[in-house]
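Following: one structure in structure tokens, then a few remarks.
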Amino acid sequence: MKENIVIIGGGAAGLEAAYQLLTLGYTPIIIEKSGHLGGHLYDWNRLFPDMTPAKQVAKAMMERVKDANIFLNTEIISIDKKDDAYAIVLNNGISISCTAVLVTTGFQLFDAHKKEEYGYGIYDHVITNKDLEGWFNGNKDRRVDDKDGLKAVGFVHCVGSRDIKAGNSQCSKVCCITAIKQAIEMKEKYPDAEVYCFYMDLRMFGKKYEDFYINGQKDHGIHFIRGRVSEVSENIDGKVIVKAEDTLNGKPIKVTLDLLVLMAGIVCNSDTAKLASALKLPTDTDGFLKSKDNVLNIIESPKEGIFYAGACTGPKTVPETVAEARAAALAIHNHINSHKSWTSDSE
Amino acid sequence: MDFGFGIAPSSSINLDKVDLSLYRKVKEVEPDIERCMACGSCSATCPAAKFSGMSVRKVILGLQRGQQKEVRKMLSNCMLCGKCNMVCPRGINTRHLILSVCRYFDMKEEQK
Amino acid sequence: MTERFLSAYNNFVLPFLFGMGFVLIYCLIAMIRIWLQLSADDKKKVLLSLVNPKILLKDIRDLFCDCLFHVKLWKRNKLLGYMHSSIAFGWFMLIVVGHIECFCYFPGRLKTFYYPIFFRFFVAESQSTMQGSFFFFLMDFFLLMVLSGIVLAIIKRIRSRLFGMRRTTNLSLTDLIGLYSLWAIFPLRLFAEGFTADIAGGSFLTKSLNIVFHSFLGNHLNMLPTWWAYSIALGVFMFILPFTRYMHIPSEIMLIPLRNAGIQISNPRKGLAKVMVYTCPSCGVCIDACPMGITKRNNRDATVYLNRQLKRKNEGRIEEISDKCLLCGKCGAVCQVQIPGDKLRIAQRSLRKYDVSPDYSTIDAASLTPRAEGKVLYFAGCMTALTPAISKAMESILRKAGVDYEFMDKDGGLCCGRPLWMAGRLEEAKQLIAKNEELINGSGATTLLVSCPICYRVFKERYKLGDIRVVHHTVYIDELIAAGKLKVESADELSYVFHDPCELGRGCGIYDQPREVISRMGKLVEADKSHDESICCGGSMGSLTLGFEKRQAMTENALRNLTSENPDAIVTACPLCRSTFARYADRPVEDIAEIVDKKTL
Amino acid sequence: MIYQGKEKIWSDYQKEIPDDHWFYARSCIRQNFFPASEKYFLTICRDLLGKDICDNEHHTTCGGISYHSDTIPQATAMAIVARQFSLMTEAGYKNLVVSCITSFGNYTEILETWREFPEVEARVREDLWKACRREFEKPEYVAHASDLMYHFRDEIAARAKYKLVNRQTGEPLKVVEHIGCHYAKMFPHKGVGGAEYPCVLSGMVDSWGGKVIDYPERRHCCGFGFRQYLVKANRGYSIANTYKKFESMAPYHPDMIITNCPGCPYFLDRWQYVIAEMEGKTYGENGFGIPALTYEEMAGLVLGYDPWDLGLQLHQVAIEPLLDKMGVPYDPSKKYLGLNEKDLMKPELPKNLRCF
């Protein structure tokens with residue numbers, strides 16, 4: 001089959017869709033702006049709920065798309081609709097004409113610097129969820145000072161999520177479970193450490209998430225404090241002092257920590273916005289791409305021939321993303337078939 | 001010199017300094033205490049709540065925050081009826097918890 | 001009969017005499033100590049009971065039925081019953097007949113203690129008489145009886161399953177010594193009397209053995225050593241008896257009059273409780289009966305182990321066993337010596353010191369007192385607030401029957417005090433009971449209707465409510481139907497099994513009325529184990545330490561027992577049993593009130 | 001502490017401050033607490049730097065103190081502010097420099113309210129016209145006097161006679177900077193460096209040779225809190241706040257505190273005496289307190305003005321140890337001599353807090 005299908009973004013959604021399209025007999029083109037495939041999986045260490053190594057997942061997904069056309073370090077210069085097809089010009093000089101475009105541009109993490117009161121980039125021992133995954137992956141990080149082991153570690157949920165003033169009213173969905181996962185991992189590394197999770201709500205919606213939470217409480221003794229951290233400061237030893245309200249107690253609370261981890265939320269990828277304006281794709285009230293229908297048709301854009309999968313339409317977990325990618329591949333297949341019958345009819 | 005006022009005590013709880021000895025003792029004999037998710041079912045069903053503000057949820061939280069005095073006050077009208085035990089969705093043995101708090105509570109420590 | 005020795009003495013009697021002397025002195029001291037531990041009230045009660053012919057008669061009957069005939073055990077297990085009564089009664093008769101024999105021939109020798117025991121050694125049969133053969137026959141007969149019991153005991157030790165026992169206790173070293181010395185006594189006696197049968201005479205057993213011996217042992221040289229062995233076995237047994245489970249033999253003799261005098265356990269280590277603990281024969285019947293036993297790790301938490309640990313003063317284990325128990329009372333129901341395991345545990349729990357003690361004096365009773373002049377006062381209890389189907393059904397029944405009633409704790413009330421009592425917080429429970437008495441007595445009601453057996457038990461046992469009648473709803477409904485106030489619409493084809501709640505059945509002895517009611521509603525089937533052997537639902541508040549997950553296996557086991565006849569629904573009469581069973585049951589679980597409400601006009 | 005991180009934030013919160021032609025709005029309480037501060041603001045700007053600053057005797061309180069003490073509604077404060085603006089307009093100025101932090105907050109809040117709700121502004125204009133036949137233009141720029149000082153910090157540094165350096169050790173002085181709550185907490189973009197890590201004072205300290213210390217309770221209120229102090233029943237909370245701040249900064253052993261608010265230097269200064277009386281605790285070296293200065297007083301010291309002319313004898317906490325560290329000469333005998341050598345009388349010395 002000669003139909004060109006362009007997948008924008010080589011993360012979990014892009015890779016899964018490409019694999020499904022390959023099995024359907026197409027040769028999709030993956031355009032990836034970075035130098036590697038796998039998206040955020042590449043930076044992550046282990047995935048909830050079964051602690052699967054992210055590398056292993058990414059590798060399995062990459063293995064299966066070897067036959068696709070893959071452009072790494074590539075960005076789209078322009079994209080235009082020409083008749084029934086889309087003409088795409090890439091920064092490496094290549095032009096592609098394609099029948100269907102699958103947007104799998106995913107998400108980016110909220111820039112934790114913006115929550116100035118948490119002092120990310122200012123205090124010596126404040127890091128983000130992603131930094132911690134990097135550290136789990138073996139990256140050196142001066143901020144994680146574990147020379148004498150860590151005695152107290154805190155996790156701040158909802159950093160840049162459910163925060164109108166930070167420009168994101170939505171819940172990022174995965175941070176609660178990620179925080180508990182990381183808290184458990186820290187407790188496994190430092191069994192004597194006191195680990196605190198500062199949360200507003202715990203949204204344990206997914207498979208085995210609640211079990212994770214109970215494990216975190218019972219087997220690991222993680223302290224869950226319902227209250228959003230209001231301010232962070234540093235004491236003379238360079239330790240982090242966190243203040244919050246213990247809302248279940250109605251009292252302010254203060255604790256000194258060796259490490260504070262900010263659970264930066266999920267926001268729409270800034271490159272997606274560029275793409276959206278080039279294609280005149282509408283964005284939804286949450287800042288993510290707007291689907292044709294948020295109930296029945298999350299994977300189609302309002303524009304014919306443009307499809308969505310994964311976190312470009314909102315925060316999602318990996319399995320949700322993978323499921324959407326499969327659905328999108330099938331929708332593209334159906335689109336091309338109906339398109340063909342329509343063109344052959346008119347001939 | 002008498003200024004007619006004094007330095008108001010802080011209402012803030014400093015987790016670095018909080019006295020968790022009672023909490024730890026109770027946790028040893030009733031480890032399920034950790035499983036509380038503060039749903040408040042126990043407080044809502046408690047027949048002693050209207051007399052002494054009894055709430056197992058608050059008792060657990062109070063222990064975790066070193067608020068022994070408040071805990072003691074709440075326990076003063078507990079009738080050990082076991083309703084909290086029945087409603088707890090996390091299966092915490094609240095009666096054993098309450099008895100253990102009463103048992104290991106150190107009056108001398110509180111009077112200090 | 002003539003005496004063989006002028007001195008009427010031989011050194012071999014010494015082991016027996018030492019053992020006998022020791023055990024008698026030991027028991028005497030123990031008895032005095034127990035007596036001193038009794039409260040003045042209890043002492044008075046016991047003394048009065050001993051001059052009350054009715055109680056005295058009961059004491060004697062109990063002594064024979066329990067100690068010698070093991071009537072209870074016969075009912076439960078014929079083989080075990082025979083084994084125990086053959087040894088106890090046979091031995092008892094050997095002693096009695098032996099003394100009578102001695103009294104007939106040499107009454108002057110009775111005072112030597114050993115003479116009647118070793119009678120056959122000291123005498124020679126001068127002429128064969130009818131009287132002599134009669135005694136010879138009786139003695140051989142009872143010896144055979146005991147020996148048959150010993151044979152059974154040895155088989156039981158090797159293959160306990162043959163006797164229908166799944167689990168039994170592990171014996172301690174002293175118990176083993178006691179056991180083996182006990183086993184040895186009677187074969188040795190047989191041998192000893194066998195050797196002397198040609199001199200002192202004998203009957204079918206000893207005489208025959210004597211002939212057998214003579215066929216290959218020509219002289220009497222073997223005689224003295226066997227009598228020595230017999231005496232040593234007796235001496236060892238009696239010497240070690242106070243340190244073994246066989247202490248139950250003298251203890252039970254003391255327990256029977258104490259219990260019949262109606263005194264109660266107050267301290268788990270003193271007085272009545274102490275006698276009870278020593279009366280425990282470590283038979284282990286309670287191990288199979290214990291509902292916690294379904295989980296292997298709870299096997300060593302049955303009452304027999306509590307008694308053992310109380311004897312050993314192993315505080316850690318005593319506390320663990322006491323706190324874990326569901327207080328269902330089944331161990332007491334099956335116990336051969338009727339040791340109330342639940343009461344022992346409550347007494348043990350009551351010893352604990354608490355730094356925080358509740359104080360209910362600030363609760364304003366006046367504002368809580370219901371107005372129910374001349375009415376029936378319905379008390380649903382705390383638990384029923386969580387199973388509102390019961391109180392709704394009960395109200396509906398009362399309306400249908402035209403009963404003028406007042407719902408005492410519709411908007412919540414005070415706890416009845418039973419949970420505190422079970423937790424061993426007796427003083428606090430009494431405070432709460434006093435508060436509730438104030439409310440109920442102030443209400444002007446004539447009847448206190450209770451639908452929770454937990455409340456019912458404490459109302460019955462501990463409340464002073466004057467003329468107010470306390471009645472459980474199972475009984476009350478039965479009365480309403482019998483009086484024609486409630487009309488049963490139609491009995492249906494469905495079959496129901498009734499679960500006897502611990503507090504209602506074993507606790508208050510109510511078994512028949514609920515069955516009477518149910519049989520009017522549909523077909524009543526019985527569970528595998530029911531009435532006083534019904535199995536606790538596992539939800540009991542009696543246990544202080546058993547967590548939620550640990551109870552699941554118990555509930556499932558109780559459900560298996562209830563559904564042995566595959567009933568369509570399970571009926572109970574306790575809100576706690578109802579909600580506990582409902583959690584895991586594969587068929588409807590309902591309170592008796594709900595069924596009645598559905599089926600009556 | 002990662003300095004580059006703060007610099008990045010500061011770059012996001014820079015505000016435009018014109019060089020010249022300002023209408024000066026004085027503070028009602030500063031003139032009483034630390035009268036020399038406002039005088040030396042004018043001296044430094046006008047005489048030293050040659051700037052045009054208009055000081056108008058007809059202006060009144062801005063109403064901020066009553067507004068924050070819940071004694072007047074915002075409408076009243078708006079009418080007062082409108083009159084101040086009309087004075088500025090009449091004087092021919094477009095830039096407003098405000099001496100008081102609460103005034104600065106008050107002006108900012110009112111201007112932002114008018115921006116959001118133009119009908120409120122129209123109403124205020126009508127009220128002002130009806131009341132006193134005045135009209136006004138809104139200021140083009142509103143700066144706090146410390147913004148201006150921050151703006152001129154390098155020019156002052158170039159003229160400095162003394163540095164914020166310990167003469168004996170050569171080490172920079174450890175300076176606690178305390179920003180008034182109403183400076184940027186309400187509108188972070190109106191303050192130099194934003195609300196979380198303001199650099200208006202730390203910029204001056206850096207520029208004049210000192211070292212800012214960042215302690216955990218840096219953001220906390222000085223304890224004045226208007227009603228917290230003004231209502232005696234609440235006064236325990238007021239001092240509790242101050243106490244908390246001192247406890248938090250104590251491990252750093254600061255040499256001085258500088259502030260840009262009228263209430264803060266007053267309470268950070270006077271409460272040290274009260275804490276010493278109540279708790280027996282002092283926070284400076286050798287039983288002294290930590291001097292709490294206004295930024296003008298600090299600038300005056302750096303520029304070499306006489307400490308007594310700067311009014312430093314009006315502080316409760318003895319200033320002498322700081323002067324000794326900086327090497328600023330002073331005549332102890334003239335400490336309590338006022339204008340024309342009038343005897344101000346030496347106050348009674350406190351029991352626990354060491355003073356001269």
Side-chain angles (χ1 to χ4, degrees), chain B residues 22 25-26 28-35 41-42 44-54 59 63 68-111, chain C residues 319-320 323-324 349 352-364 368 381-387 409 411-425 428-429 431-432 435-436 452 454-455 539-552 575-576 579-580 583:
Chain B
L22 179 56
K25 251 187 238 163
V26 173
E28 225 169 81
V29 293
E30 191 48 52
D32 283 348
I33 188 174
E34 292 267 17
R35 296 212 290 203
S41 311
C42 47
T45 199
C46 179
K50 61 182 168 189
F51 304 120
S52 65
M54 174 63 181
V59 165
L63 294 179
Q68 268 78 319
K69 205 175 238 167
E70 288 85 339
V71 166
R72 189 170 58 82
K73 193 195 163 288
M74 283 189 276
L75 290 174
S76 67
N77 275 165
C78 169
M79 301 181 250
L80 220 58
C81 72
K83 275 175 87 183
C84 43
N85 215 113
M86 279 182 83
V87 295
C88 179
R90 284 283 179 87
I92 301 172
N93 187 347
T94 52
R95 294 178 76 240
H96 188 228
L97 180 89
I98 292 165
L99 282 169
S100 306
V101 177
C102 290
R103 182 175 181 187
Y104 296 118
F105 198 94
D106 195 341
M107 275 303 199
K108 274 172 260 141
E109 195 62 38
E110 195 202 273
Q111 276 151 10
Chain C
E319 197 157 284
E320 191 191 342
D323 285 359
K324 199 189 262 186
R349 291 174 187 185
R352 185 166 298 149
K353 294 275 177 289
Y354 290 95
D355 256 22
V356 175
S357 292
D359 171 19
Y360 310 105
S361 58
T362 51
I363 294 174
D364 173 28
L368 294 168
C382 301
M383 289 299 164
T384 311
L386 299 173
T387 49
D409 54 348
D411 301 316
L414 300 180
C415 174
C416 62
R418 177 73 183 154
L420 278 167
W421 192 276
M422 291 205 273
R425 307 213 66 180
E428 289 75 14
Q431 255 195 50
L432 204 50
K435 249 319 152 197
N436 267 319
C452 171
I454 306 167
C455 309
S540 164
M541 280 193 301
S543 171
L544 301 181
T545 52
L546 276 179
F548 173 73
E549 279 104 345
K550 292 178 187 142
R551 294 169 183 249
Q552 182 171 348
L576 192 48
S579 49
T580 308
R583 204 172 288 138

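The basis for the numbers below is simple: all heavy atoms, side chains too, and nothing from hydrogens, waters or symmetry mates.
Put simply, NZ on B:Lys50 and CG on C:Leu368 are 6.0 Å apart, with the number rounded to the nearest 0.5 Å. Here the CG atom belonging to C:Leu576 is positioned 5.0 Å from the CE atom belonging to B:Met86, to the nearest 0.5 angstrom. The CG atom of C:Leu386 sits 5.0 Å away from the NZ atom of B:Lys83 when rounded to the nearest 0.5 Å. The structure places NZ of C:Lys550 at 8.5 Å from CG of B:Asn93, a figure rounded to the nearest 0.5 Å.
Here the closest heavy-atom approach between residue B:Arg95 and residue C:Ala423 is recorded as NH2-CB, 4.4 Å. Looking at every heavy atom in both residues, C:Leu420 comes nearest to B:Met79 through CG-O, 3.5 Å.
Other residues, nucleotides and ligands contribute at most 12 non-hydrogen atoms within 6.0 Å of the CG atom of C:Asp411.
Here C:Leu544 is the residue among C:Thr580, C:Asp364, C:Asp359, C:Leu544 with the most heavy-atom pairs under 4.5 Å with chain B. In terms of non-hydrogen atom pairs under 4.5 Å with chain B, the most contact-rich of C:Arg551, C:Lys353, C:Arg352 is C:Arg352. Between chain C and the residues B:Cys88, B:Pro47, B:Cys78, the largest count of heavy-atom pairs under 4.5 Å involves B:Cys78.
Heavy atoms of C:Leu432 lying under 4.5 Å from chain B belong exclusively to its side chain. Both the backbone and the side chain of C:Thr545 have a heavy atom closer than 4.5 Å to some heavy atom of chain B. Residue contact with chain B, scored on non-hydrogen atoms closer than 4.5 Å, involves the backbone of C:Ser543 exclusively. For chain B, no part of C:Glu428 is nearby; none of its heavy atoms comes within less than 4.5 Å. Both the backbone and the side chain of B:Arg103 come within less than 4.5 Å of a heavy atom of chain C. For a residue to count as touching a neighbouring chain, one of its non-hydrogen atoms must lie under 4.5 Å from one of that chain's; by this rule B:Ser100 does not touch chain C. Residue C:Arg425 touches chain B through its side chain alone, counting heavy-atom pairs closer than 4.5 Å. Contact annotation for C:Ile454: neither backbone nor side-chain heavy atoms come within less than 4.5 Å of a heavy atom of chain B.
Counting heavy atoms from C-beta on, the side chains of C:Tyr354 and B:Leu99 come closer than 4.5 Å. Inter-residue side-chain proximity for C:Ile363 and B:Asn77 is flagged as met; some heavy-atom pair is nearer than 4.5 Å. Looking at heavy atoms from C-beta onward, B:Leu80 lies out of side-chain contact with C:Met422 at the 4.5 angstrom threshold.
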